[in-house]
Number of protein chains: 2
Amino acid sequence: MRPAYQRVADSLRADIEAGRWQPATKLPSEHTLAQTFEVSRTTIRQALDVLESANVIRRQQGKGTFVAAQGVSHVLGDLKSFTDTLRELGKQPGIRDVSVAIDDDPPADATTFLRGSRIWCVERVRTADGRAFCRMQSWLPDALAAGIAEDELLARQSLYALLADLSDERPAEATEVIRAEAASAEDSVALGVPKDTPLLSIYRWTSNHRGAPIEFVRSASPGDRYEYVIRLKQ
Amino acid sequence: MRPAYQRVADSLRADIEAGRWQPATKLPSEHTLAQTFEVSRTTIRQALDVLESANVIRRQQGKGTFVAAQGVSHVLGDLKSFTDTLRELGKQPGIRDVSVAIDDDPPADATTFLRGSRIWCVERVRTADGRAFCRMQSWLPDALAAGIAEDELLARQSLYALLADLSDERPAEATEVIRAEAASAEDSVALGVPKDTPLLSIYRWTSNHRGAPIEFVRSASPGDRYEYVIRLKQ
DNA sequence: CAGTGGTCTAGACCACTGT
DNA sequence: CAGTGGTCTAGACCACTGT
């Protein structure tokens, strides 16, 4: 039996995600929700805490609780896979249009980083609740890519998990560069958006604990479907 | 009067940061802490929630609450000003189109974060080697903004440096959200780019060491003139 | 088994908002 | 003023851990 506050949070989240409550809509007050769900106000507040930290709602003292603008956020802080991040946000992660192939003409950054070996490209389109939100291209060295089968990627969804099994390679260090770009013709087909739509593109160079390259990645997402969150501390 | 749970959290945090409790040390149980601080267990749990989400402690059901490793893993990047960042890149930082005024209709995020007081907006366009690359809008609470004069901002260039002098307010914590957006009409005038050009927009919520809000900022830069670099380590 | 954190109740009063 | 979310109390029982 799941705790009551989680069932309340799930129920509210489902209503919001199904569009029964639109962004900026005011939710019923905590007292009203307590009566509706037949639990104490404390339990309602626990449920709302969950939704607030997932950026599903926003609370304003004296005014009320409102449905937040929706979007997927990537919370930085460790080297988490997209799959993990999405699950934490309560979205159903999916994947489609997988291809694994030798890339005879990889981008210059990939060639430089992966140093000479034959280069493979793993391409995937990531979905959240069935909707495309990220075109992901990973360039890998020959040694790592050889064991990757397309159907496994579809089933497993996490490239990092697969690499860990295949070769004991774990990402230990990465540099990311974030840019705003206009969608190319290929991007627009993969993501189903008009050409030149603003995309948030993240380029990532990932190495193992010995500093050897694991992959060079480009992830491109439409600006209205993805945002990137960073917490900084001095 | 600050709420009791915040005072408890501050007290525990101070003990940990002063090294009186080393990493991996087990804290007194919640029941014991409630007696020590003479508050209810609920209030202790609120305080521990704060410290847990700040990664200061970790809780394990059935075992106890432990001081977290104070390592690098969650401290990613630092709170550097644009001026510092540009200088490191060997560009000549500049500033133009400064305005400081009360904002009667600030964005909802600013209102929520700065909580109620009259809100000021400091707007600037940042240049690198004379070329506009960033439109920066900072929303500040009344108490902080009152002392800011436009000519000082032009001369000093760093809002953080100015705030530190005026009020001893230093940024200690921030959350950033990065999005790709299409340039609005105002953006296109400020930056000299066509409307709907892809912009990299960074929203930042900055607090001092007591968690009080200092500013909410939006920085918007054309995708071809700015990129954001992050180094991650596990 | 005792001790821990996790969940939950049924209240109370406070701070803030808008009428 | 009424209505909202924010804080707080003093309990209770549950789930998990280690002896």
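Only heavy atoms go into these numbers, but all of them, side chains included; no hydrogens, no water, no symmetry mates. Numbers restart at 1 for each chain; the letters A, B, ... are given by sequence-line order, proteins then strands. Fair warning: this is a prediction, and the values are worked out from it, not measured in the lab.
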Quick one: is C:dG5 close enough that its OP1 or OP2 comes under 4.0 Å of any side-chain N or O from B:K63?
-> no
Determine: side-chain N/O of B:T42 to OP1/OP2 of D:dT9, distance under 4.0 Å, yes or no.
-> no
Whole angstrom value for the distance that separates P of D:dT7 from CZ of A:R41 = 11 Å
Check whether any side-chain N or O of A:R59 sits under 4.0 Å from OP1 or OP2 of D:dG6, and answer yes or no.
-> yes
Quick one: which of B:W120, B:F113, B:W205 gives a ring pair (Phe, Tyr, Trp, His ring centres under 6.0 Å) with B:F216?
-> B:W205
Heavy atoms only: give me the nearest A:A180-B:A180 pair and the separation to one decimal.
-> CB-CB, 4.5 Å
Anything below 3.5 Å on both distances counts as a pair; with that, list the stems of at least three consecutive Watson-Crick or G-U pairs involving DNA chain C.
-> C:1-18 with D:1-18
Closest-nucleotide 5' rank along DNA chain C - winner of B:G64 and A:Q6 = B:G64
Provide the closest heavy-atom pair for A:R124 versus A:S138 in the form atom of the first, atom of the second, distance.
-> NH2-OG, 3.3 Å
Rounded to the Å, how far apart are B:F37 CZ and D:dT9 C1'?
-> 18 Å
Taking every non-hydrogen atom, the tightest pair across A:F133 and A:S221 | O-OG, 2.8 Å
Considering only heavy side-chain atoms of B:S40, the closest of C:dT4, C:dA10, D:dC8 is D:dC8
In whole angstroms, the gap separating P of C:dT17 from CG of B:L114 amounts to 12 Å
Provide, to the nearest angstrom, the distance between the NZ atom belonging to B:K26 and the C1' atom belonging to D:dT17.
-> 9 Å
Salt-bridge test for B:D10 and B:R2: reply yes if a basic N is under 4.0 Å from a carboxylate O, no otherwise.
-> yes
Mind calculating the distance between CD (B:Q61) and C1' (D:dC13) to the nearest angstrom?
-> 13 Å
B:R135 to B:L191 - nearest heavy-atom pair and separation | N-CD2, 3.6 Å
Of residues 43-50 of chain A, the positions that come close to DNA chain D - non-hydrogen atoms, cut-off under 4.0 Å = A:R45
Exercise: identify the closest heavy-atom pair between B:A9 and B:L51 | O-CD2, 3.8 Å
Please give, in whole Å, the distance from D:dT9 P to B:H31 NE2?
-> 14 Å
Taken to the nearest whole Å, CZ/A:R7 to P/C:dT7 is 12 Å
For B:S40 and B:A34, work out which heavy atoms get closest and say how close.
-> C-CB, 4.0 Å
Given DNA chain D, 5'-ward residue of the pair A:S29 and B:P3, judged by closest heavy atom = A:S29
To the nearest Å, how far apart are A:E30 CD and C:dA10 C1'?
-> 15 Å
Should we count CD of A:Q6 as having more than 12 external heavy atoms under 6.0 Å?
-> yes
